[in-house]
There are 2 protein chains.
Amino acid sequence: MGRPREFDEAAVLDASAKQFRVRGFADTSTEQLCEAAGVKRSSLYNTFISKDELFIRSLERHISVALDAQKAILTENALSGCERLAALFDLILEEEGSARKKGHAAGCMIVASRMAPGIGDREPRVQRILDRFMDRQLSLVAEAVASGRLDGSLRNDLSPRDAALMIVSAISGIRVLSQSGTGVSSLRKVADLHLDSLRA
Amino acid sequence: MGRPREFDEAAVLDASAKQFRVRGFADTSTEQLCEAAGVKRSSLYNTFISKDELFIRSLERHISVALDAQKAILTENALSGCERLAALFDLILEEEGSARKKGHAAGCMIVASRMAPGIGDREPRVQRILDRFMDRQLSLVAEAVASGRLDGSLRNDLSPRDAALMIVSAISGIRVLSQSGTGVSSLRKVADLHLDSLRA
DNA sequence: CGTGTTTTGTATTTTAAAATACAAAATGGA
DNA sequence: TCCATTTTGTATTTTAAAATACAAAACACG
């Protein structure tokens with residue numbers, strides 16, 4: 001009962017996430033958020049309590065869909081372990097490339113939330129969300145590495161965990177490079193170099 | 001003539017840089033800056049004009065000393081090309097390790113400034129300073145790679161420029177990993193993996 | 001000694017953004 | 001239909017931090 005909602009919650013979270021990504025947490029006002037999401041302030045506060053809570057929920061959703069996409073790739077049985085890693089890099093490069101096209105060169109919400117203190121200090125949940133994401137990402141990549149050792153596509157002298165750390169760090173590195181304006185073709189070479197070092 | 005200054009300008013810049021690193025730009029108030037630097041607000045504004053200007057000068061100084069340290073290592077004639085790169089990774093790991101010990105796990109001012117929009121949007125100079133840093137860093141690393149090819153310590157089938165991009169991205173990746181709480185010993189393994197892939 | 005000049009300390013003003021208050025609107029169910 | 005309940009729109013309040021104003025202090029120089 002009561003008056004029905006006129007907006008889609010997930011759409012607001014996506015629009016918010018984009019704003020936060022492009023302008024940063026501190027530099028996006030609630031007014032910009034309202035405008036971007038096409039929602040009035042009272043609706044925002046009524047639904048999401050505060051700017052902090054809205055950010056947290058946006059981050060949660062962003063990470064959830066990002067992780068799903070990576071999981072789909074990294075557990076694709078039709079691919080060898082090495083091919084899975086290659087496809088993961090493809091995904092990252094595609095994301096960066098299309099972000100580039102859409103004008104907003106900015107940025108990776110996950111890496112930015114990690115590196116920029118701010119809300120992450122006040123809000124332990126931000127830390128927790130990011131930690132959990134990284135744990136899962138590391139596990140997924142480590143599994144792909146392990147299966148790459150079995151199918152012979154990857155070196156068998158490396159620990160899956162260490163290799164996974166290396167891959168994950170490479171991805172972050174690429175995101176930073178991309179934010180610095182490095183062209184996608186260069187990013188591709190960097191990704192290839194990283195991957196080559198793990199090949200059998 | 002006139003009343004002499006009671007504080008050291010460089011010391012204020014260093015203290016400010018630390019605050020900005022630990023708390024982020026938006027979340028450090030001028031009051032915190034004054035307290036950290038041991039200087040009254042009027043002195044700050046009198047000398048540095050505004051919070052924005054103070055940040056820019058802090059960043060400039062921070063980058064300048066960082067680059068000097070890297071340059072010293074990367075142009076050390078006594079070392080082979082590969083050893084120079086290894087020493088560079090050592091420097092990074094040492095920085096991260098000692099930051100960890102001092103409690104403030106946060107953070108790399110350079111990567112954070114890149115990834116977190118904010119002042120960087122308003123201030124083209126921030127962009128310029130970071131671009132310039134990266135150019136120089138890339139050149140220094142590329143030179144080290146080139147000399148590593150000559151002295152036989154590094155693979156001779158890779159373009160110095162691409163290899164340099166790969167190294168620089170690896171460094172950023174390690175910084176992100178470190179910020180996420182990864183232990184220094186794991187960071188070391190990651191660095192070794194990255195370096196191994198370039199060895200002759 | 002003073003006098004001009006710069007720095008320093010304190011108190012105040014400005015500002016901008018977050019958050020709230022409250023009436024009007026819109027529905028489902030009795 | 002009308003009432004309880006929730007959302008929506010607008011206007012206002014709260015807040016915190018950046019920036020300024022101005023008098024007192026400290027020195028160099030004549």
Side-chain angles (χ1 to χ4, degrees), chain A residues 1-59 113 116-123 125-126, chain B residues 1-59 113 116-123 125-126:
Chain A
M1 45 183 151
R3 178 171 174 175
R5 218 155 249 183
E6 292 179 3
F7 61 89
D8 177 32
E9 201 158 307
V12 171
L13 290 178
D14 290 339
S16 301
K18 177 173 174 186
Q19 282 299 118
F20 286 135
R21 252 183 312 136
V22 174
R23 323 259 328 157
F25 176 80
D27 282 3
T28 75
S29 66
T30 58
E31 202 158 346
Q32 288 174 302
L33 290 169
C34 293
E35 186 156 355
V39 164
K40 290 293 179 181
R41 214 198 311 286
S42 43
S43 303
L44 257 202
Y45 276 93
N46 188 32
T47 312
F48 301 105
I49 301 168
S50 72
K51 191 184 171 191
D52 279 22
E53 296 293 327
L54 176 59
F55 177 83
I56 288 172
R57 297 214 33 206
S58 299
L59 181 64
S113 299
I119 182 181
D121 281 7
R122 296 192 289 287
E123 270 297 346
R125 275 175 292 171
V126 172
Chain B
M1 44 182 150
R3 179 171 172 173
R5 228 162 239 182
E6 293 177 3
F7 62 88
D8 178 32
E9 201 157 308
V12 170
L13 290 178
D14 290 339
S16 300
K18 178 175 173 183
Q19 281 301 313
F20 286 135
R21 252 184 312 137
V22 174
R23 321 260 329 158
F25 176 79
D27 282 5
T28 75
S29 65
T30 58
E31 203 159 345
Q32 288 175 303
L33 289 169
C34 292
E35 186 157 354
V39 164
K40 291 292 177 183
R41 210 196 316 281
S42 43
S43 304
L44 259 201
Y45 277 93
N46 188 32
T47 312
F48 301 104
I49 302 169
S50 71
K51 191 185 169 188
D52 279 22
E53 295 292 327
L54 177 59
F55 177 83
I56 288 172
R57 296 211 36 203
S58 298
L59 181 63
S113 300
I119 182 180
D121 282 6
R122 299 192 287 287
E123 269 296 347
R125 274 176 293 170
V126 171

Considering only side-chain heavy atoms of [X], which listed nucleotide, [options], is closest?
X: B:R41; options: D:dA19, C:dG9, C:dA21; answer: D:dA19
X: B:K40; options: C:dG9, D:dT10, D:dT20; answer: C:dG9
X: B:T30; options: C:dT20, C:dT8, D:dA18; answer: D:dA18
X: B:Y45; options: D:dG9, D:dT20, D:dT8; answer: D:dT20
X: B:K51; options: D:dT10, D:dA19, C:dT20; answer: D:dA19
X: B:R5; options: C:dG9, C:dA19, C:dT7; answer: C:dT7

Rounded at 0.5 Å granularity, tell me how far [atom1] in [X] sits from [atom2] in [Y].
X: A:F25; Y: B:D27; atom1: CZ; atom2: CG; answer: 8.0 Å
X: B:E31; Y: B:K40; atom1: CD; atom2: NZ; answer: 9.0 Å
X: B:I56; Y: B:S50; atom1: CD1; atom2: OG; answer: 7.5 Å
X: A:F20; Y: A:L59; atom1: CZ; atom2: CG; answer: 10.0 Å
X: B:L33; Y: B:F55; atom1: CG; atom2: CZ; answer: 11.0 Å
X: A:Y45; Y: A:E53; atom1: OH; atom2: CD; answer: 11.5 Å

Between [atom2] of [N] and [atom1] of [X], the distance in whole Å:
X: B:E9; N: C:dT8; atom1: CD; atom2: C1'; value: 16 Å
X: A:D27; N: D:dA18; atom1: CG; atom2: P; value: 12 Å
X: A:L44; N: D:dT6; atom1: CG; atom2: P; value: 19 Å
X: A:E53; N: C:dT20; atom1: CD; atom2: C1'; value: 17 Å
X: B:E35; N: C:dG9; atom1: CD; atom2: C1'; value: 16 Å
X: A:F48; N: C:dA19; atom1: CZ; atom2: P; value: 14 Å
X: A:E31; N: C:dT20; atom1: CD; atom2: C1'; value: 16 Å
X: A:N46; N: C:dA19; atom1: CG; atom2: C1'; value: 13 Å

**Within 6.0 Å of CD in B:E35, more than 12 heavy atoms from elsewhere** =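 Not buried by this count: 12 neighbours or fewer within 6.0 Å.
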**Message:** So B:L13 and B:S58, do their side chains get closer than 4.5 Å, heavy atoms only?
**Reply:**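 Yes - at least one pair of side-chain heavy atoms lies under 4.5 Å apart.
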**Request:** Decide yes or no for B:I119 and B:K51: does some side-chain heavy atom of the first lie under 4.5 Å from some side-chain heavy atom of the second?
**Result:**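 Heavy-atom side-chain distance check fails, nothing below 4.5 Å.
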**Request:** Give the intermediate values and the outcome of side-chain contact (heavy atoms from CB on, under 4.5 Å) for residues B:T30 and B:L54.
**Result:** CA-CA 10 Å; B:T30 58; B:L54 177 59; over 6 Å; no
Below 3.5 Å between N/O atoms, which protein atoms pair up with nucleotides 23-26 of chain C? Just atom names and distances, please.
| from | atom 1 | to | atom 2 | distance (Å) |
| --- | --- | --- | --- | --- |
| C:dA25 | N3 | A:R3 | NH1 | 3.1 |

**Message:** Once you apply a heavy-atom cut-off of 4.0 Å, does A:S29 come out as touching a base, just sugar-phosphate, or nothing?
**Reply:**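 A:S29: backbone/sugar contact only, no base atoms under 4.0 Å.
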**Asked** OP1, OP2 of D:dT8 versus side-chain N and O of A:S43: anything below 4.0 Å?
**Response**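 Affirmative; the distance criterion is met.
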**Asked** Using the C1' atoms of the five pairs at each end, what is the angle between the end axes of the helix from C:dC1-D:dG30 to C:dA30-D:dT1, to 10°?
**Response**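 Taking five pairs per end, the axes differ by 0°.
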